[in-house]
Amino acid sequence: MNHLMVLVVLIVTAIPAWADQVPVTGRHQDMTFTPYEVNDYAAAAYHKLLAKQKRRGLIDTDPALVARVRRVTKRLVRHAEQLKYEAYQWHWEVHVSDADDVNAFSMAGGKLLIGSHFIRKYRLTDGELAMVLAHEIAHALAEHVREQLSEVQLRHPRYPYTVAEASAEMGSDIAVYLSLMPLSELQEGEADHIGVYLLAASGYPPKAAVGFYRKLVREDRGQRRSMFATHMPDRARLKAVMGYVAEAKALRSAAAAQVSVPARDFQ
């Protein structure tokens with residue numbers, strides 16, 4: 001094969017790539033999907049899930065709890081948007097689910113869901129609730145889902161995946177799931193780090209993060225850790241969070257001195 005043909009093959013099979021950087025940590029990311037296609041796909045999946053749970057009467061059934069969750073989320077989102085300008089253009093949403101299997105999770109583009117049973121089980125204070133939500137907001141800010149989908153594409157450069165195809169492969173192929181575990185573990189630690197930063201920047205006491213993770217340690221004591229777990233063991237996670245809290249204490253003082261800016265409304 002001559003040099004011209006090699007060049008043509010490389011151009012045809014090359015994957016478009018964008019270099020991104022994670023807020024707070026500064027970690028480099030290689031992305032092959034655009035944020036728009038990932039966010040659109042996530043929004044459709046999120047609303048499909050909401051519709052399914054609404055039909056079962058499981059969404060936003062406790063107005064007082066929903067108001068509390070949204071009050072805390074608004075405060076965090078205001079500072080999240082300062083970390084990533086693009087996040088200001090997202091249609092942020094947060095809902096409360098009564099489904100037993102929902103703890104807390106986020107989807108790309110600022111779509112959040114938290115379980116009422118989870119909040120009550122751990123008797124979360126506002127600061128602890130803020131840490132849980134800040135962790136999920138951090139996943140969205142760092143575009144962790146987009147990074148994982150891109151990693152699936154990068155491992156199969158000759159096959160032009162769509163977002164839907166890459167997502168399906170992540171969810172159905174155990175080999176793909178296992179291959180992504182090191183990245184997932186890194187992302188979970190990163191979400192804790194960014195989450196503590198957001199917590200402090202939003203004026204919540206950083207020690208609330210320590211309080212929440214101590215509750216996890218107590219609750220999960222003696223339980224066997226799943227081989228598919230993507231978080232660090234609870235005690236190691238608590239130790240790491242204590243380090244992030246030490247860094248973040250100065251942020252709270254700085255945030256307290258800032259002029260308050262009203263947060264915009266969202267669902």
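Heavy atoms only: backbone and side chains are in, while hydrogens, waters and symmetry mates are out.
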### Task
Take Leu113 and Val96, measure what side chain to side chain contact (heavy atoms under 4.5 Å, CB included) needs, and give me the verdict at the end.
CA-CA 6 Å; Leu113 190 66; Val96 180; over 6 Å; no

### Query
For Ser179 and Arg155, what are the C-alpha separation, side-chain angles and deciding distance, and is it a side chain to side chain donor-acceptor pair (under 3.5 Å)?
CA-CA 10 Å; Ser179 71; Arg155 292 181 184 209; 3.0 Å; yes

### Message
Set out, in order, the CA-CA distance, both residues' side-chain angles and the distance that settles side chain to side chain contact (heavy atoms under 4.5 Å, CB included) for Lys84 and Trp90, then state yes or no.
### Response
CA-CA 11 Å; Lys84 189 181 188 77; Trp90 295 349; 4.2 Å; yes

### Query
Can you check side chain to side chain donor-acceptor pair (under 3.5 Å) on Gln82 and Tyr88, steps first, answer last?
CA-CA 8 Å; Gln82 293 174 13; Tyr88 189 80; over 6 Å; no

### Task
Kindly determine whether Asp192 and His135 satisfy side chain to side chain donor-acceptor pair (under 3.5 Å), including the steps that lead there.
CA-CA 6 Å; Asp192 283 343; His135 174 96; 2.8 Å; yes

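A continuous path of hydrophobic side-chain contacts links Val196 to Tyr122 [ILVMFWY only; heavy atoms under 4.5 Å]. Hydrophobic clustering of Ile, Leu, Val, Met, Phe, Trp and Tyr side chains at less than 4.5 Å, counting indirect connections, keeps Val66 apart from Leu49. One hydrophobic cluster, built from ILVMFWY side chains closer than 4.5 Å, cannot hold both Phe118 and Leu58; they sit in different ones. When hydrophobic clusters are built by joining Ile, Leu, Val, Met, Phe, Trp and Tyr residues whose side-chain heavy atoms come closer than 4.5 Å, directly or via intermediates, Tyr46 is not grouped with Met170. Side-chain heavy atoms closer than 4.5 Å link hydrophobic residues (I, L, V, M, F, W, Y) into clusters, and following such links, even through other members, never connects Val102 to Ile137.
Val77 is not listed as a side-chain neighbour of Val94, based on a closest heavy-atom distance of 4.5 Å or more. A heavy-atom distance below 4.5 Å is not found between the side chains of Ile194 and Tyr244. Counting heavy atoms from C-beta on, the side chains of Leu83 and Leu198 come closer than 4.5 Å. Here the side chains of Ile114 and Leu129 are in contact, with some heavy-atom distance below 4.5 Å. Taking 4.5 Å as the limit, some side-chain heavy atom of Arg237 sits within range of a side-chain heavy atom of Leu216. Using a 4.5 Å cut-off on side-chain heavy atoms (C-beta onward), Lys111 and His95 make no contact. No side-chain heavy atom of Glu86 sits less than 4.5 Å from a side-chain heavy atom of Glu81. Within the 4.5 Å cutoff, the side chain of Val69 has heavy atoms near those of the Ile119 side chain.
Residues Gln148 and Ser184 share a closest heavy-atom pair of NE2-OG, 2.8 Å. In terms of heavy-atom proximity, Ala248 sits nearest to Ala200 at O-CB, 3.4 Å. Between Pro35 and Glu143, the closest heavy-atom pair is CB-OE1, 3.5 Å. Closest heavy-atom contact between His79 and Ala201: CE1-O, 3.1 Å. Across all their heavy atoms, Ala140 and Ser106 have their closest contact at N-OG, 4.2 Å. When all heavy atoms are compared, the tightest approach of Ala134 to Gly195 is CB-O, 3.4 Å.
For the pair Arg75 and Tyr204, the distance from NZ or CZ to the six-membered ring centre is under 6.0 Å and the angle to the ring normal is within 45 degrees.
Put simply, CG on Leu154 and CG on Leu149 are 11.0 Å apart, with the number rounded to the nearest 0.5 Å. The line from CG of Leu112 to CH2 of Trp92 is 6.0 Å long, rounded to the nearest 0.5 Å. For the atom pair Ser150 OG and Leu183 CG, the distance stands at 10.0 Å (nearest 0.5 Å). Leu238 contributes atom CG, which lies 10.0 Å from atom CZ of Arg218 (distance to the nearest 0.5 angstrom). The structure places CE of Met131 at 6.5 Å from CG of Leu199, a figure rounded to the nearest 0.5 Å. Note: Phe105 CZ to Ser97 OG = 7.5 Å, rounded to the nearest 0.5 Å.
Glu136 places no side-chain N or O within 3.5 Å of a backbone atom of Leu133 that could act as its donor or acceptor partner. Looking at Arg146, its side chain does come within 3.5 Å of a backbone N or O of Phe33 through a donor-acceptor pair. Although no hydrogens or angles enter the test, the distance criterion places a donor-acceptor pair under 3.5 Å between the side chain of Glu37 and the main chain of Thr34. In this structure, the side chain of Gln153 engages the main chain of Tyr161 through a donor-acceptor pair within 3.5 Å. Although no hydrogens or angles enter the test, the distance criterion places a donor-acceptor pair under 3.5 Å between the side chain of Ser172 and the main chain of Ala168. Using modelled atom types, one side-chain atom of Gln29 and one backbone atom of Ala142 make a donor-acceptor pair closer than 3.5 Å.
For residues 42-63, the pairs satisfying salt bridge (Lys or Arg N to Asp or Glu O under 4.0 Å) are Asp60-Arg70, Asp62-Arg120, with sequence neighbours left out.
Salt bridge absent: Lys215 and Glu219 never bring a charged side-chain N and a carboxylate O closer than 4.0 Å. Salt bridge Arg27/Glu147: present, at least one basic N to carboxylate O contact under 4.0 Å. A salt bridge is absent between Arg123 and Glu128; no separation between the charged side-chain nitrogens and carboxylate oxygens falls under 4.0 Å.
Between the side chains of Glu188 and His144, no donor N or O sits under 3.5 Å from an acceptor N or O.
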